Structures are given as structure tokens and as C-alpha cells.
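Heavy atoms only: backbone and side chains are in, while hydrogens, waters and symmetry mates are out. Since we're looking at a predicted model, the values are computed, not measured. Chain letters run A, B, ... following the sequence lines, proteins first, then strands; residues in each count from 1.
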Amino acid sequence: MRFYNTLTRRLEEFREIEKGRVGLYTCGPTVYDFPHIGNFRSYLFEDLVKRFLLFSGYRVRHVMNITDIDDKTIRKANELKVPLAEVTQKYIAAFHADLRALNTLPADAYLRATEHIPEMVHLVSALLEKGYAYRKDGSVYFSIERFKEYGRLANLDRASLKTGAAANAAADADEYEKEAAQDFVLWKGKKPGEPSWPAPFGEGRPGWHIECSAMSMKYLGPHFDIHMGGVDNIFPHHENEIAQSECANGVTFVNYWLHCQHLIVDGMKMSKSLGNFYTLGDLLAKGYAPMAVRYLLISSHYRKLLNFTLEGLEMAAQALARIKNFIFSLKHVEIEGGADPELAAAVAASLDAFGASLADDFNVSGALGVMFDLIADVNPRMNALTRGDAAGILAYMDRVNAVLGILEPGDEGPLDAEIEARIALREKARREKDFARADEIRAELKKQGIILMDTPAGVRWKKE
RNA sequence: GGCGGCGUAGCCAAGUGGUAAGGCAGCGCUCUGCAAAAGCGCUAUUCAUCGGUUCAAAUCCGGUCGCCGCCUCCA
């Protein structure tokens, strides 16, 4: 498999550090508000990458950080006049609920910054000892002139950074004094109204970037395979992580950096500061299914801007319905018999093509095209399939879904006795040619989310 | 100012040198008591635009137009 490495700005063949295993770190949320669908585009892409690694036979160790101590979380707690933990706990719970609704595979660990303060203190101490950091007015800063690689990930040169940051530094001069305008903070000295922890270099709290260096090191080691996040993380967050980690450990931090492009809404940039964002809850309240949201967010290429619209969400829901109808039909195949070898070979070839498409920089659109081609190939002969054929194709769909995660298990529960009675009543009406009555019952069941289909083999039903 | 991305049918979207995947929507038809599902047929001589290279260009090169991102809040 190959994909685009932000660090080298080219497509690279993936080579894991330890055979068959992948260490994966994904930047998680800052829990000061409800996550929006833009956040979930990134998390769903990360989930897709992880699922494809698993599909390809790798064992994946995946950790995600949760930033529960920073300027924004503190500000929110102070605004609401409640303890910080109360704010963060609420949004952490909301985050996990949405991840579940969107059918993401859980990470091996979700790491909270506040639960890793000692590790961060230790890392800052190490950077001070090695001379990469300096103390100033109770805070500790990283000196980027000590790290000659600084700016490599973001493709920025240090000279232009200096110019760009100078204006900002003037505006922030009352906040912190720094030796060089572009240096970044590792540890913020204690301030009134902020949580703080003791440290050898003075009581205070961690800067934003240090948590990811400290926690990834602890759970994945100083050198691991893949680090992911949204494109906005490239600079400064990931650039700073590299500086901290490589200076402290003296080894390469991460081999592959993968960044997901943003989404916009109705053509406009989406951000919390503009307030034009949808949460998952907003969309569910409008009656859209979480799986339609997932389908839409993963179905276009991760390095391209995605323009989110409700019309697009509707199209995603319809595409999903086509897939679900296909599976529904396969499950109702009734002709006994084994699988046709020619068909089985076509299915196997389709799965190969599906994987090959994803192996080429996660081309989900191409992979979906492969799957829909198979659907279009099978549908015309649906009525001639044997159970053996159907089982093979259903197994194929399971494999496809192991990567895409767009189909939930157990869509068809057992029918309520009352609903079954209604269906029987309608069948009786139909036999008696009382179609008005039959249609009335069908309409009533539709209101309950039950769709009836009259087929030559008898009535079938499904949930909407 | 520096760095980078995008522009393919009504909509969404693959395709990065060999003659335009796929999904949605639409129209006609088949099946059906009617629906639903499914199927069949139709829907881009053309890939923002101009020029160049090539036997061959949506794909490579150059210009132009338009949109967007990053350059210490952001997934």
C-alpha cells in the first residue's frame, strides 16, 4: 500500500517498523465544545485507514489523545463557573457517543492530557537538560533555533517564520516573553484562575503540544509508524511535536504523516469561531442516519476539500439504500445449491480490485466504484442465484464493510407479533382483491418504518 | 510577501500519457392490482480557458481566469 506522506510530500510505499504491526497515533479533540462534522471527517478518515490496515492483515496499536487542559477548556470552565473536569467530562462523553454512532472502531486507548502530567514534566525536564529549552518568567519554551529540522514538515523556512511571527509577538507581548518570537511554550507558568501542577522548573500547566509527544512516546515508543490529524495540525502542532520528540529522544519520531483536508459547508469555511457548523446531533435531529453521514464523509478523497451539503447527505443516503437493498435481496435467495465457480472468481477479482484501489492512497471513490460494478453485475441475475452464490457475495460485502463500516449489523430484528398480524391481514385483503384496504395497511406500516414488498415469492418486509 | 491545493455531466466524484469509472437526480420502458425493489434504454465528441510538447493529453509544460487553504485558536 502506498499513500501521501506530508513529511516528504510524495506518495510512498508503506513499510512498517516491526513486521506485521503498526503503531498509529491520531490527534483527538480538545474537549471544550461538541465536536462537529468537520472534526468527524478527520476521525472517520483515521478510522478508515485503521480499518484498511486491519483488512490488509496488520495488527494495529492505535492511541488517540484527548486535550482536557488548555486555554480553551479553561476559558469555558471559567465562563460557566464550573470545575474544569465538569466541562471536559461532558464533552468527552459526547465525543465517544458520536464515535459509536458513526461506527468507528475504538482506539486501544484514549489518553487524557491531565492523566499524563508526570510524563510531560519529565519530557520538559529532559529538553531543559539537553539545552533545547529555556526558562523565562516561570514558563519553559522550546528554542527552535536549536533544531535545524524545524519547519520541514510544514515546508516553512525559519527566516519567514521569524518575520511572520514578529507581528504576533508584539500583540501578545503582555502574555509571555520569549527569547525568539517563534519559539513555542512547553510549560506555562502558574496563573490565577488556572489549574496547575508542581514541577521542578516551577508550578504551572503543560503547553498544548507537549502532551502528544509525551503520550505517544509512552504508548508507542519514541519511533513509530503513522501519525494522523487534520491539515491544520501540520503547523504548528505536528511541527512542534517533531521538535520536542526528536530533540528529547535523538531518533526519528514518526515515519509517515497523514493529514486529512478540511470540509466546508455550502461552500463556506467551517469553524467553531464562525459558528456555521453542524454537529452529528443536528443532522440526526433532521432525520438523517448516522451511516449516511459516515458514507458522505468517507466517500471522497481525504486530501481534497469536501463541500458538505444536505443535498449531498441525501445522495449518500440513497447510495447506501442501493447497497442495503442488494444485501437484502441476497439474504432472500432461496434456490438451493453451491456457488458457481465463474461467479466466485468474479467476486474474488472484485475484492482484489477493491483492495487495490484503497491501497493506492486510500482511493475510496474508486473502491466504491468497484463495489457498485459488482452490484450492477449481480443484480440482473439475482433471481437465478443459488444460496451458495449468495453466501459468497454476502461474505464479499462483509469484507468490503470491514473497511467502509457503513452497514450496521442486525438491521432486521424479529418482527413484532402485532406487525406480523397486520401483514397477514393485508395478505388476506389482497387475496380478496380489497386493494384499498391492503394499501391502507401498507401505509400504516410505513409510518412505523416497515416497508413491504410484494414479490413473486411472497411478501417481504424491511425496516426503512 | 512566502508555501500549497482545487476547477471533470443537473448534483457528488474516480481517472495523472492510450481515447471519459461509479453514485444521486431525471426521462422512457419491463415487471407489478398499485407500490417497492430490480432490470433495460437515454442523459459529457469532452474534462475552467488559451497556447505548446506528443502518433496520442482530462492527464505533461507554459500563460490566463476563478475558488480555496496554511504562514503559531482550529479536525
Visitor: Partner of B/rU46 by Watson-Crick or G-U wobble geometry, both contacts under 3.5 Å, or none?
Guide: none
Visitor: Just call it for A/Met453: base, sugar-phosphate, or nothing, with non-hydrogen atoms closer than 4.0 Å on any strand.
Guide: base
Visitor: Considering every strand and a 4.0 Å limit on heavy-atom distances, what is the contact class for A/Ile234: base, sugar-phosphate, or nothing?
Guide: nothing
Visitor: Where does the angle between the aromatic ring planes of A/Tyr110 and A/His96 fall among parallel (under 30°), tilted (30 to 60°) and perpendicular (over 60°)?
Guide: perpendicular
Visitor: Ignoring hydrogens and angles, answer whether the base of B/rC34 and the side-chain atoms of A/Arg442 contain a donor-acceptor pair closer than 3.5 Å.
Guide: yes
Visitor: At less than 3.5 Å, do the side-chain atoms of A/Asp439 and the base atoms of B/rG33 form a donor-acceptor pair?
Guide: yes
Visitor: Which of these passes salt bridge (charged side-chain N to carboxylate O under 4.0 Å, His left out) with A/Asp71: A/Lys191, A/Arg205, A/Lys76?
Guide: A/Arg205
Visitor: Using Watson-Crick or G-U wobble geometry with both distances under 3.5 Å, which nucleotide pairs with B/rC29?
Guide: B/rG39
Visitor: What's A/Leu452 touching, base or sugar-phosphate or nothing? Going by heavy atoms closer than 4.0 Å.
Guide: base
Visitor: Side chains of A/Leu105 and A/Asp47: closer than 4.5 Å at any heavy-atom pair?
Guide: yes
Visitor: With the criterion set at under 5.5 Å between ring centres and under 30 degrees between planes, would B/rG33 be stacked on A/Phe435?
Guide: yes
Visitor: Would you classify A/His237 as touching base, sugar-phosphate or nothing, given that sugar-phosphate means primed atoms plus P, OP1 and OP2, and contacts are heavy atoms under 4.0 Å?
Guide: nothing
Visitor: So A/Asp373, base contact, sugar-phosphate only, or nothing? Heavy-atom distance under 4.0 Å.
Guide: sugar-phosphate
Visitor: Would you classify A/Gly312 as touching base, sugar-phosphate or nothing, given that sugar-phosphate means primed atoms plus P, OP1 and OP2, and contacts are heavy atoms under 4.0 Å?
Guide: nothing
Visitor: Find the partner of B/rC34: check Watson-Crick (N1-N3 plus N6-O4 or O6-N4) and G-U wobble (N1-O2, O6-N3) distances, both under 3.5 Å, and reply none if neither fits.
Guide: none
Visitor: Determine: side-chain N/O of A/Gln261 to OP1/OP2 of B/rG5, distance under 4.0 Å, yes or no.
Guide: no
Visitor: Both A/Leu296 and A/His262 contact RNA chain B. Taking the nearest nucleotide for each, which residue is further toward the 5' end?
Guide: A/Leu296
Visitor: With a 3.5 angstrom cut-off on both distances, give the Watson-Crick or G-U wobble partner of B/rA58, or none if there isn't one.
Guide: none
Visitor: Rounding to an integer number of Å, can you tell me how far A/Asn307 CG sits from B/rC12 P?
Guide: 7 Å
Visitor: Picking from B/rC3, B/rA38, B/rA75, which would you name as closest to the side chain of A/Thr30?
Guide: B/rA75
Visitor: Of A/Glu311 and A/Arg426, whose closest RNA chain B nucleotide lies nearer the 5' terminus?
Guide: A/Glu311
Visitor: Kindly point out which of B/rA14, B/rG39, B/rC74 is positioned nearest to the side chain of A/Asp232?
Guide: B/rC74
Visitor: Sort out the partner of B/rU19 for me: Watson-Crick or G-U wobble, both distances under 3.5 Å, none otherwise.
Guide: none
Visitor: Specify whether A/Trp257 and A/His259 have parallel, tilted or perpendicular ring planes, treating 30° as the upper limit for parallel and 60° as the lower limit for perpendicular.
Guide: parallel
Visitor: Tell me which nucleotide, if any, is Watson-Crick or G-U wobble paired with B/rC74 when both distances must be under 3.5 Å.
Guide: none
Visitor: I'd like to know if A/Asn39 reaches the base of B/rC74 with its side chain such that a donor and an acceptor end up less than 3.5 angstrom apart.
Guide: no
Visitor: Starting from P on B/rC6, measure out to CG on A/Leu306 and report it in whole angstrom.
Guide: 15 Å
Visitor: Give a yes/no on whether any side-chain N or O of A/Arg322 is located under 4.0 angstrom from OP1 or OP2 of B/rG39.
Guide: yes
Visitor: Closest to the A/Lys72 side chain: B/rC3, B/rC73, B/rA35?
Guide: B/rC73
Visitor: Do A/Tyr278 and A/Leu310 touch side chain to side chain, with heavy atoms closer than 4.5 Å?
Guide: yes
Visitor: Rounded to whole angstroms, how far apart are OH on A/Tyr91 and P on B/rA75?
Guide: 14 Å
Visitor: Taking donor-acceptor contacts at under 3.5 Å, does the side chain of A/Arg41 reach the base of B/rA75?
Guide: no
Visitor: Anything under 30° is parallel, anything over 60° is perpendicular, the rest tilted; go ahead and classify A/Tyr150 against A/Phe235.
Guide: perpendicular
Visitor: Record whether the side chain of A/Arg430 comes under 3.5 Å of the base of B/rG33 through a donor-acceptor pair of N or O atoms.
Guide: yes
Visitor: Is any side-chain nitrogen or oxygen of A/Lys304 closer than 4.0 Å to OP1 or OP2 of B/rG69?
Guide: no
Visitor: The side chain of A/Ile451 is closest to which nucleotide in this list: B/rG33, B/rU72, B/rA36?
Guide: B/rA36
Visitor: Does the structure show a Watson-Crick or G-U wobble partner for B/rG7, both distances under 3.5 Å? Name it, or say none.
Guide: B/rC65
Visitor: Does any nucleotide pair with B/rA14 by Watson-Crick or G-U wobble geometry, both distances under 3.5 Å, and what is it?
Guide: none
Visitor: Please determine, for the side chain of A/Phe184, which listed nucleotide (B/rC68, B/rG39, B/rU72) has the closest atom?
Guide: B/rU72
Visitor: Just checking, any donor-acceptor pair under 3.5 angstrom between side chains of A/Tyr91 and A/Asp68?
Guide: no
Visitor: Which listed nucleotide (B/rA14, B/rC74, B/rA75) is nearest to the side chain of A/Ser365?
Guide: B/rA14
Visitor: To the side chain of A/Met315, which of B/rC74, B/rG23, B/rA25 is closest?
Guide: B/rG23
Visitor: To the side chain of A/Phe372, which of B/rG39, B/rG23, B/rU72 is closest?
Guide: B/rG23
Visitor: Verify the contact: side-chain N or O of A/Asn363 to OP1 or OP2 of B/rG15, cut-off strictly under 4.0 Å; return yes or no.
Guide: yes
Visitor: Are a donor atom and an acceptor atom from the side chains of A/Asp225 and A/Tyr25 found within less than 3.5 Å of each other?
Guide: no
